Number of protein chains: 4
Amino acid sequence: MRPNDATFTETARRAQIVECAIETIAELGYHQSSVRKIAERVGVAMSVVQYHFGNKDEMVAAIVAELYRTVLAIMLPMVEAEQTARGKLAAHIRAHLKCLATYRSQQIALMEIGSNYCSGTGQRLHEVGVPLEPDQLADLAKLELETIFTLGIETGEFRALSPTSMATAVRGAIGAALLRSTGDPDFDVVGYGEDLVVAFDLATRHL
Amino acid sequence: MRPNDATFTETARRAQIVECAIETIAELGYHQSSVRKIAERVGVAMSVVQYHFGNKDEMVAAIVAELYRTVLAIMLPMVEAEQTARGKLAAHIRAHLKCLATYRSQQIALMEIGSNYCSGTGQRLHEVGVPLEPDQLADLAKLELETIFTLGIETGEFRALSPTSMATAVRGAIGAALLRSTGDPDFDVVGYGEDLVVAFDLATRHL
Amino acid sequence: MRPNDATFTETARRAQIVECAIETIAELGYHQSSVRKIAERVGVAMSVVQYHFGNKDEMVAAIVAELYRTVLAIMLPMVEAEQTARGKLAAHIRAHLKCLATYRSQQIALMEIGSNYCSGTGQRLHEVGVPLEPDQLADLAKLELETIFTLGIETGEFRALSPTSMATAVRGAIGAALLRSTGDPDFDVVGYGEDLVVAFDLATRHL
Amino acid sequence: MRPNDATFTETARRAQIVECAIETIAELGYHQSSVRKIAERVGVAMSVVQYHFGNKDEMVAAIVAELYRTVLAIMLPMVEAEQTARGKLAAHIRAHLKCLATYRSQQIALMEIGSNYCSGTGQRLHEVGVPLEPDQLADLAKLELETIFTLGIETGEFRALSPTSMATAVRGAIGAALLRSTGDPDFDVVGYGEDLVVAFDLATRHL
DNA sequence: GATGAATGAGCATTCATTCAT
DNA sequence: GATGAATGAATGCTCATTCAT
């Protein structure tokens with residue numbers, strides 16, 4: 001009967017539900033993943049999920065937070081290890097695609113939620129924002145491609161490109177790998193990452 | 001009492017339903033766009049939709065066909081006007097982004113259907129294929145980025161890049177504009193297109 | 001433009017619809033045979049059926065009348081050809097089973113309607129009665145098994161049995177052939193008829 | 001706070017729904033007995049039925065199992081008490097008609113389901129089989145008329161009749177009582193049973 | 001903490017019917 | 001005579017949520 005025993009159980013249950021929800025969403029897609037099916041995978045009653053999260057929106061928020069934390073843990077060290085903008089860009093691409101390759105179901109789940117989730121009040125994921133702690137949000141900002149491109153221009157490493165446009169393009173090119181690999185299991189995600197590193201290295205050079 | 005009056009009514013209704021469905025899907029997302037809500041927007045009973053299309057899958061097929069026809073009508077002349085691979089690539093990017101700028105809700109609807117649609121038999125859109133006439137499918141193939149990149153390598157215009165990787169990257173970068181502009185109404189889609197043309201022009205040059 | 005041209009067309013259409021309806025019901029069962037599917041088989045619009053019969057109940061009445069007329073045409077001569085009660089009983093059994101063998105889909109349709117039909121006011125077929133002309137109803141009465149059994153007792157051919165019970169039993173035994181043959185295509189309806197003739201011949205003898 | 005309180009509630013609800021469903025089907029016929037109407041009779045929301053049975057097919061299976069169990073409980077002791085084939089035949093007829101007299105609506109419901117039910121996959125009741133436990137199915141087999149007739153021929157009690165034909169005839173004659181009594185409330189089911197016993201006793205004698 | 005039971009809104013679909021032409 | 005278009009009620013089903021225990 002340790003004082004925080006209840007909290008420990010609570011935390012474990014939540015983690016367990018989040019984990020199973022991610023698996024379920026990755027396997028069946030967001031809309032086929034009802035609270036009941038997720039609870040079934042956990043091996044508890046459907047109402048347990050409601051008990052721990054209050055409602056489905058809160059559960060999704062917890063899932064998204066967990067997914068972002070995973071991405072952060074992988075990417076942040078790799079990007080921070082590089083000093084130059086060019087190095088950070090390559091690291092960002094490689095790190096993100098490593099995430100895709102290593103944590104496939106997590107990334108699929110995130111994509112599924114991103115494109116399918118709709119809150120009780122009709123809001124989409126990008127409208128409710130990333131449900132992370134302030135310091136984690138700060139870490140996330142360090143990965144921002146806009147920042148990297150702006151830095152590269154300042155240091156003269158990159159040509160006078162539009163950081164916003166380039167960041168959007170890189171993000172899109174990375175995201176495309178997930179879609180692509182979903183339809184084509186033979187798609188070589190890591191190889192694609194190297195092709196992307198070369199392409200964007202060329203695309204950022206001075207004319 | 002025109003001989004094809006009945007056909008005229010039928011055609012008009014179908015077009016009207018398709019149009020309203022596109023608007024609804026673009027606004028609310030695919031899964032929030034029930035047959036009932038679409039019919040309400042048209043101003044008819046829900047069963048009218050079933051009368052004209054048989055079932056929801058057929059309605060979606062009609063929508064998708066219409067959306068692809070729109071894209072084709074815009075993009076094909078622009079891409080075919082160019083002779084060189086480099087020209088075709090730039091034209092493809094510009095044409096696609098022009099589509100995005102001009103037919104925003106149509107493109108959002110297509111994206112929504114592409115990532116959310118699940119047929120009665122459990123198939124996703126890419127599994128059921130594009131419901132177009134053979135000659136229109138042939139036209140669609142002419143826009144394929146893989147083909148353009150392969151051509152450019154053959155003619156020596158492009159470096160020895162991977163057509164699959166580059167095509168995936170360009171598609172992703174283009175698609176990102178849609179997501180981006182959804183969250184940020186000030187995002188300049190056409191300007192982004194010009195930035196993309198420059199970036200991929202550089203990225204395809206010989207080292 | 002013969003004066004009864006319209007009536008002729010009308011009659012032909014009705015007959016055509018009735019025929020197709022019988023086929024459809026026999027094939028798909030009563031509940032799968034919607035007005036639309038029947039009309040499709042005829043090759044006309046669904047509303048044509050409504051035009052000719054007013055509503056579905058009237059159509060079913062027309063079908064049932066037609067089916068009883070078919071049975072009458074087959075059975076009446078065979079039963080009336082016999083003079084003795086014993087002969088009439090055997091003839092009735094043989095005639096009815098001949099109907100079952102020869103006009104299988106008609107009999108299946110009649111069975112389907114008998115057990116599934118429910119009028120707009122909630123009445124079953126046996127509650128609405130047989131929709132035949134008075135003289136045809138009189139002919140139908142001549143086939144009644146009760147009459148035959150009562151006659152046989154009067155003439156001393158049969159033992160002192162209960163006409164009602166025996167008639168019910170024979171009707172049931174005949175009807176069972178249809179159910180049986182539906183599930184088992186190898187079931188020999190005519191052979192079953194002969195077995196029935198023997199069985200009920202024995203069952204009616206004096207002790 | 002009894003340990004099996006939850007199970008008790010569940011069992012009671014299921015039994016209650018099955019009971020009301022039987023009544024409804026017997027009264028209105030299978031196809032007029034929607035899940036909604038059955039739930040209304042129980043006094044709960046329609047989705048309660050779905051909660052307890054999953055879908056309509058499962059509910060029907062539960063109903064059919066219950067109906068067969070009732071028949072078994074009545075008929076098995078009566079038939080097994082007899083040693084001779086002749087005795088078993090008479091007992092079968094009497095027992096089945098006792099069922100008909102005592103559990104009228106149950107038998108009507110079973111008939112309705114037998115001739116009208118069509119599963120979600122398009123199968124009829126005789127195609128999906130009787131949803132009973134193996135040992136109950138074994139008990140059911142002991143009541144089979146074919147078995148009794150074959151036995152009687154072997155022991156020399158019966159003439160060289162066709163077990164299949166006779167079984168079909170007896171089944172039909174028994175079933176006819178149900179139809180008959182539906183149209184004519186004065187029909188004496190038990191008396192009919194005795195008449196049937198005599199008739200089939202005669203029909204099975206050596207010539 | 002956890003559960004089973006129940007709810008009500010929403011969904012796509014089927015169907016007989018109506019009606020102007 | 002015949003048609004296409006539209007309607008509204010009904011059906012089975014899924015789901016997130018609520019609540020007493």
Side-chain angles (χ1 to χ4, degrees), chain A residues 5-7 9-10 12-13 31-39 44-57 59 120, chain B residues 1 5-10 12-14 31-39 42-57 59 120, chain C residues 5-7 9-10 12-13 31-39 42 44-57 59 120, chain D residues 1-2 5-10 12-14 31-39 42-57 59 120:
Chain A
D5 186 56
T7 302
T9 307
E10 162 81 13
R13 255 285 182 262
H31 263 98
Q32 272 62 46
S33 304
S34 63
V35 174
R36 172 163 262 134
K37 281 182 194 148
I38 292 166
V44 297
M46 174 185 44
S47 41
V48 172
V49 177
Q50 240 92 20
Y51 173 78
H52 283 284
F53 295 99
N55 60 33
K56 204 186 182 185
D57 287 340
M59 184 189 72
Chain B
M1 302 278 178
D5 187 54
T7 300
F8 171 77
T9 306
E10 162 80 10
R13 240 316 170 244
R14 281 179 67 104
H31 267 102
Q32 275 62 46
S33 304
S34 65
V35 174
R36 209 190 293 282
K37 280 181 194 155
I38 292 167
V42 181
V44 296
M46 175 187 42
S47 45
V48 171
V49 177
Q50 245 99 19
Y51 171 75
H52 283 285
F53 293 99
N55 58 36
K56 203 185 183 184
D57 286 339
M59 184 189 73
Chain C
D5 187 55
T7 301
T9 308
E10 160 80 11
R13 255 284 184 262
H31 263 96
Q32 274 61 48
S33 304
S34 65
V35 174
R36 171 163 263 133
K37 280 181 194 151
I38 292 167
V42 181
V44 297
M46 173 184 46
S47 42
V48 173
V49 177
Q50 240 93 20
Y51 173 76
H52 283 286
F53 295 100
N55 61 33
K56 205 187 183 185
D57 286 340
M59 184 189 73
Chain D
M1 299 283 177
R2 283 173 301 165
D5 187 54
T7 300
F8 171 76
T9 306
E10 162 80 9
R13 246 305 176 251
R14 282 179 67 105
H31 267 102
Q32 275 62 45
S33 304
S34 65
V35 174
R36 203 177 237 103
K37 280 181 193 154
I38 292 167
V42 181
V44 296
M46 175 187 45
S47 45
V48 171
V49 176
Q50 246 100 21
Y51 170 76
H52 284 284
F53 293 99
N55 59 33
K56 202 187 184 185
D57 285 339
M59 184 190 72

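Note that the structure is a prediction, hence the values are computed from the model and not measured. First the proteins, then the strands, lettered A, B, ... as listed; each starts at 1.
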Nucleotide of F:dA5, E:dA5, E:dA16 approaching D:Glu10 most closely (side-chain heavy atoms): E:dA5

Given E:dA12, F:dA16, E:dG8, the nucleotide with the shortest approach to the side chain of B:Arg36: E:dA12

Residue whose closest nucleotide on DNA chain E lies nearer the 5' end, D:Ala45 versus C:Lys37: D:Ala45

Short side-chain N/O contact to E:dG4 OP1/OP2 from D:His52, under 4.0 Å: no

Side chain of C:Ser34 - closest among F:dG12, F:dG4, E:dA16: E:dA16

Most 5' of B:Gln50 and D:Val48 on DNA chain E, judged by nearest nucleotide: D:Val48

Phosphate-side-chain proximity, D:His31 and F:dT11, N/O vs OP1/OP2 below 4.0 Å: no

Selected nucleotide, minimal atom distance to D:Met46 side chain, candidates F:dA16, E:dA2, E:dG10: E:dG10

Phosphate contact (F:dA6 OP1 or OP2) by B:Tyr51 side-chain N/O below 4.0 Å: no

Paired nucleotide for F:dT21 [Watson-Crick or G-U wobble; both distances under 3.5 Å]: E:dA2

D:Arg13 side chain near E:dG4 phosphate (N/O to OP1/OP2, under 4.0 Å): no

Options F:dT11, F:dC19, F:dA10, nucleotide nearest the side-chain atoms of A:Ser47: F:dC19

